[in-house]
Amino acid sequence: RDYYASRGLGDVYKRQAKTASIGEYVQSDTLKITLTSAKVYDEIVQNEYMKATPADGKKYLVLFLEAENKSDEDQYVNMFYYEAYADDKSIKSTALLVNPEDEDMFSGDLAPGKKLSGYVAYEVNKDWKEFEFTYKDGALTGSTKFSFAFSSEDIK
């Protein structure tokens, strides 16, 4: 399915992405981003010596994403272009010293036709209800937004 729609007549550089959910994707002319899954953790254990534990009253919400370069030029998935809201309140991603599900952070160079997978982690309140995540493919106002929204009940 094609999740993007132009915001202006014939204006291919200003695309506003529709919102997708877990297991769905959003794409532009250059990137296709899929929210493959989302998981909630009380703690994340990498091995007997390395684990991550959220603050009291919090849980880790970890998004697992995949990006595919649909263009004929290198693309870069930039960790500074994430934006998220938990129950309509802005929230920053959490840097982990462990790799949930053996994935690296969702960031890096992406050659034409290639894929990149990774995670983005957040510390959320234990009783969170709604979550929104957006990746923008640039810092400019007209950058494409790849948006996902889901509820705590959507996580299996």
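These numbers were taken from a predicted model, which means no experiment stands behind them.
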**Asked** Which word best sums up how the rings of Y135 and F146 line up, parallel for under 30°, tilted for 30 to 60°, or perpendicular for over 60°?
**Response**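 The arrangement is tilted - the two ring planes meet at 30° to 60°.
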Taking all non-hydrogen atoms of both residues into account, name the closest pair between [X] and [Y] and its distance.
X    : Y    : result
A86  : V124 : CB-CG1, 4.3 Å
T134 : S147 : OG1-OG, 3.0 Å
L97  : M50  : O-CE, 2.9 Å
A149 : S21  : O-OG, 3.3 Å

Using side-chain heavy atoms (C-beta onward) and a distance below 4.5 Å, is [X] in contact with [Y]?
X   : Y    : value
Q46 : N99  : yes
I22 : L35  : yes
Y81 : D137 : no

**Asked** Is the count of non-hydrogen atoms from other residues, nucleotides or ligands lying under 6.0 Å from D102 atom CG greater than 12?
**Response**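 Counting other residues, nucleotides and ligands, CG of D102 stays at 12 neighbours or fewer.
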**Request:** Say whether V40 and V45 are linked into one hydrophobic cluster, either directly or through other cluster members, by side-chain heavy-atom distances under 4.5 angstrom.
**Result:** no
**Message:** Among F131, Y85, Y82, W128, exactly one meets side chain to side chain contact (heavy atoms under 4.5 Å, CB included) together with I91. Which residue is that?
**Reply:** F131
**Donor-acceptor pair, side chain of T34 and main chain of T36, under 3.5 angstrom** =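 No.
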With rounding to the nearest 0.5 Å, note down the distance linking [atom1] in [X] to [atom2] in [Y].
X    : Y    : atom1 : atom2 : answer
Q27  : T144 : CD    : OG1   : 11.0 Å
S151 : K129 : OG    : NZ    : 9.5 Å
Y119 : M105 : OH    : CE    : 5.5 Å
Y41  : K51  : OH    : NZ    : 15.5 Å
E153 : I155 : CD    : CD1   : 10.5 Å

Would you be so kind as to tabulate the donor-acceptor pairs closer than 3.5 Å made by side chains of residues 68-77, with sequence neighbours excluded?
unit_1: N69; atom_1: OD1; unit_2: S71; atom_2: N; d: 2.8
unit_1: N69; atom_1: OD1; unit_2: S71; atom_2: OG; d: 2.8
unit_1: N69; atom_1: ND2; unit_2: E73; atom_2: O; d: 2.8
unit_1: N69; atom_1: ND2; unit_2: L110; atom_2: O; d: 2.9
unit_1: N69; atom_1: ND2; unit_2: A111; atom_2: O; d: 3.3
unit_1: S71; atom_1: OG; unit_2: E73; atom_2: N; d: 3.2
unit_1: S71; atom_1: OG; unit_2: E73; atom_2: O; d: 2.9
unit_1: S71; atom_1: OG; unit_2: Q75; atom_2: NE2; d: 3.1

Listed pairs under 3.5 Å, donor-acceptor, residues 57-65 side chains, sequence neighbours left out:
unit_1: K58; atom_1: NZ; unit_2: N125; atom_2: OD1; d: 3.1
unit_1: K59; atom_1: NZ; unit_2: D42; atom_2: OD1; d: 2.6
unit_1: Y60; atom_1: OH; unit_2: T53; atom_2: O; d: 3.3

**Request:** Inspect the contact between K145 and E83 and indicate whether a charged nitrogen and a carboxylate oxygen are less than 4.0 angstrom apart.
**Result:** no
